[in-house]
Amino acid sequence: MTDADRPEAAAGDHAPYADADAAARTVRRREWMGLLARAPVDRLKALWAPFEPAPAFGWLRAPEIGGVMVRGRAGASGAPFNLGEMTVTRAAVRLECGAVGHAHVQGRDRDKARIAALVDALMQTSRSGEVEAALLAPLAAEETDRRRARAARAAATKVDFLTLMRGEDA
Amino acid sequence: MYVAVKGGERAIDAAHAWLGEERRGDPAVPELGVAQIREQLSLAVNRVMAEGSLYDPDLAALAIKQARGDLIEAIFLIRAYRTTLPRLGVSRPVETAAMACDRRISATFKDAPGGQVLGPTFDYTHRLLDFRLAADGAAPQAGTAPPREGPTPHVAGFLNREGLIQPEPRSDDPPPDLTREPMELPACRALRLQALTRADEGFLLGLAYSTQRGYARNHAFVGELRIGAVAVEMDIPELGFAVEIGEITLTECETVNQFTGSKTEPPQFTRGYGLVFGQSERKAIAMALVDRALRWAELGEEFVGAPAQDEEFVLMHADNIQATGFLEHIKLPHYVDFQSELELVRRLRRDVAAAAEEAAE
């Protein structure tokens with residue numbers, strides 16, 4: 001079963017997109033939740049600043065710092081084993097309109113988890129376009145740039161064996 | 001016999017105050033920031049994360065500062081912190097096939113699809129001290145080239161297609177966790193891999209080297225070494241689907257080992273596996289060699305008595321925090337123990353002297 005096939009839990013989930021396909025919505029939500037989890041704390045806070053004061057909300061789960069055991073597979077593809085833990089902070093919020101936002105973000109920043117949960121909640125409301133444009137789109141673009149810059153450095157270190165070929169083979 | 005058990009508090013406080021002063025060093029020299037350690041001593045940070053078994057570069061950098069650069073002390077601090085964290089869950093196994101590779105080399109296939117990508121390596125440097133680093137200089141600038149699109153396939157996959165390499169049967173059995181239950185021997189491979197990935201790098205290096213020198217030689221080639229970022233995904237029960245909770249840098253080494261076959265297995269290549277937090281290449285290669293040596297039983301090889309084959313020897317001595325705890329405790333007061341030893345030696349000497357006197361009479 002792929003993730004897209006997984007039924008979205010009904011518990012507390014707000015679904016204003018009555019016309020949208022649930023699987024597509026899950027795919028989209030996974031994307032922004034991942035983007036928020038990976039986001040550099042400082043950038044997330046700076047991009048969120050215009051959304052303060054935050055919309056009224058209640059905690060379903062106040063930010064909590066913990067560890068997640070990361071697993072690998074023997075031989076990359078075999079049986080799983082425990083590799084070690086990483087720090088993660090989680091939080092869950094409910095907006096006054098009823099939209100519920102969840103966050104599991106890398107690191108130990110409680111405010112990052114709060115913001116990520118609020119963004120997740122807002123993305124399920126009529127403010128999704130505004131949040132998408134002002135916060136998620138810049139985060140995604142910057143991440144793409146960072147990744148491309150790194151990949152470009154790696155590409156420059158790729159060995160070109162043609163230059164090493166012996167004279168008689170050339 | 002009276003043994004002083006109190007009276008050290010004032011001395012201990014003074015010792016710790018002086019430790020703080022020594023840690024800071026000459027106040028005329030600017031203080032080192034945690035971010036500087038994280039960014040500029042990143043391989044030390046990686047080692048502390050790997051052996052501390054907690055991926056958090058900021059915490060590892062703080063631990064290095066607090067430990068005055070003593071990495072085992074820093075690892076101790078991280079292990080202690082780790083025990084205070086509630087376990088929020090377990091990730092799905094990371095997909096190293098989808099790694100965004102900074103480095104990817106194969107010692108077995110020159111033309112491996114995806115190429116030989118050297119990355120930020122010490123290899124091929126001349127190992128001459130660079131005095132320019134002692135002077136303030138402009139930030140170095142790396143070259144760039146059009147980036148590769150798409151994932152880099154694993155080298156072992158090519159041999160797998162031909163059936164020339166022992167397969168790794170996929171399963172989703174939950175692995176044992178030595179941070180939750182005490183390690184029991186004999187250990188399954190999953191438990192061994194967990195112990196090896198957090199093991200002391202120096203200990204693994206020595207063991208791996210011993211296999212190369214002939215103690216349970218297993219003829220390892222580095223089939224592939226890759227370093228880069230992978231996504232970490234976890235199933236979130238409240239949501240009913242998995243989300244990415246972050247991204248970590250890993251080093252993965254797969255060895256391809258010559259194997260002429262055994263009573264139970266056909267001639268084929270076999271595999272050793274290393275996967276370590278951070279850019280930790282020496283450790284990952286050593287881990288793969290030791291993993292392979294420890295697999296002698298499942299591959300129907302002979303136990304030749306080599307240390308690297310001896311699971312009890314390897315797994316019970318690989319953890320540097322356990323080792324240093326037991327090693328260093330002998331420096332702490334043992335006055336009572338020693339007093340009884342002293343009494344014993346004195347009595348034995350009296351007995352020997354008395355026996356000698358008797359014989360002389």
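This structure is a prediction, so every number in the text was calculated from the model and none was measured. Every chain is numbered from 1 and lettered A, B, ... according to where its sequence line falls, protein lines coming before strand lines.
At most 12 heavy atoms of other shown residues, nucleotides or ligands fall within 6.0 angstrom of atom CZ in A:Arg110. Other residues, nucleotides and ligands contribute over 12 non-hydrogen atoms within 6.0 Å of the CD atom of B:Glu181. Residue A:Arg148 places its CZ atom among 12 or fewer non-hydrogen atoms of other residues, nucleotides or ligands, all under 6.0 Å distant. With a 6.0 Å radius and a threshold of 12 heavy atoms from other residues, nucleotides or ligands, B:Arg295 has its CZ atom above the threshold. The 12-atom threshold is not exceeded at CZ of B:Phe269, counting heavy atoms of other residues, nucleotides or ligands nearer than 6.0 Å.
Chain B forms the most heavy-atom pairs under 4.5 Å with one residue out of A:Arg153, A:Arg90, A:Met69, and that residue is A:Met69. Ranked by heavy-atom pairs shorter than 4.5 Å toward chain A, the options B:Thr179, B:Leu178, B:Ile236 are led by B:Ile236. Among A:Gly78, A:Ala151, A:Ala103, A:Ala116, the residue making the largest number of heavy-atom pairs under 4.5 Å with chain B is A:Gly78. Listed options B:Cys101, B:Gly115, B:Gly143 were ranked by heavy-atom pairs under 4.5 angstrom with chain A; first place goes to B:Gly143. Note: A:Ser77 leads A:Gly34, A:Ala37, A:Ser77 in heavy-atom pairs under 4.5 Å with chain B. Interface check for chain A: of the options B:Leu196, B:Leu193, B:Leu250, B:Val276, the most heavy-atom pairs under 4.5 Å are formed by B:Leu193. Here B:Arg170 is the residue among B:Glu254, B:Gln194, B:Arg170 with the most heavy-atom pairs under 4.5 Å with chain A. The candidate with the highest count of non-hydrogen atom pairs below 4.5 Å against chain B, out of A:Leu36, A:Thr87, A:Val105, A:Val88, is A:Thr87. Between chain A and the options B:Leu88, B:Leu59, B:Val230, B:Thr96, heavy-atom pairs under 4.5 Å are most frequent for B:Leu88. Between chain A and the options B:Leu191, B:Thr197, B:Asp291, B:Leu54, the largest number of non-hydrogen pairs under 4.5 Å is found for B:Leu54.
The CD atom of B:Glu238 lies 5.0 Å from the CZ atom of A:Arg61; values are rounded to the nearest 0.5 Å. Between the CZ atom of A:Phe81 and the CG atom of B:Leu275 there is a distance of 4.5 Å, given to the nearest 0.5 Å. Separation of atoms CZ (A:Arg38) and CD1 (B:Ile248) is listed at 13.5 Å; rounding is to 0.5 Å. Rounded to the nearest 0.5 angstrom, B:Glu247 CD and A:Glu143 CD are separated by 6.5 Å. Rounded to the nearest 0.5 angstrom, A:Asp120 CG and B:Leu239 CG are separated by 7.0 Å.
Counting heavy atoms from C-beta on, the side chains of A:Gln106 and B:Tyr55 come closer than 4.5 Å.
At a 4.5 Å heavy-atom cutoff, the contact between B:Glu252 and chain A is made by side-chain atoms alone. For A:Glu64, the parts sitting under 4.5 Å from any heavy atom of chain B are the backbone and the side chain alike. Only the side chain of B:Val232 comes within contact range of chain A, with at least one heavy atom under 4.5 Å from a heavy atom of that chain. Contact of B:Pro146 with chain A is made through the backbone alone, with heavy-atom distances under 4.5 Å. Heavy atoms of B:Arg189 lying under 4.5 Å from chain A belong exclusively to its side chain. Looking at B:Pro176, only its backbone comes within 4.5 Å of chain A, counting heavy atoms on both sides. Contact of B:Gln141 with chain A is made through the side chain alone, with heavy-atom distances under 4.5 Å. Contact annotation for A:Val70: both backbone and side-chain heavy atoms come within less than 4.5 Å of a heavy atom of chain B.
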- Message: Evaluate A:Arg73 against B:Glu168 for salt bridge (Lys or Arg N to Asp or Glu O under 4.0 Å), listing each step before the verdict.
- Response: CA-CA 9 Å; A:Arg73 288 189 184 277; B:Glu168 296 284 6; over 6 Å; no
- Task: Determine, stepwise, if the pair A:Glu85 / B:Leu85 fulfils side-chain contact (heavy atoms from CB on, under 4.5 Å).
- Result: CA-CA 10 Å; A:Glu85 283 166 286; B:Leu85 288 176; 5.5 Å; no
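Nearest approach of B:Asp173 to A:Pro80, heavy atoms of both residues: O-CG, 3.3 Å. Taking all atoms of both residues into account, the shortest heavy-atom contact from B:Pro174 to A:Arg71 is CA-NH1, 4.4 Å. Taking all atoms of both residues into account, the shortest heavy-atom contact from A:Ala155 to B:Pro147 is CB-CA, 4.0 Å. In terms of heavy atoms, A:Ala76 sits closest to B:His154 at CB-CE1, 3.5 Å. Pairing each heavy atom of B:Asp102 with each of A:Ala154, the nearest pair is O-CB, 3.7 Å. A:Gly72 approaches B:Val94 most closely through the heavy-atom pair CA-CG2, 4.1 Å.
Checking A:Arg29, A:Arg30, A:His102 one by one against B:Val243, the side chain to side chain contact (heavy atoms under 4.5 Å, CB included) holds for a single residue, A:Arg30.
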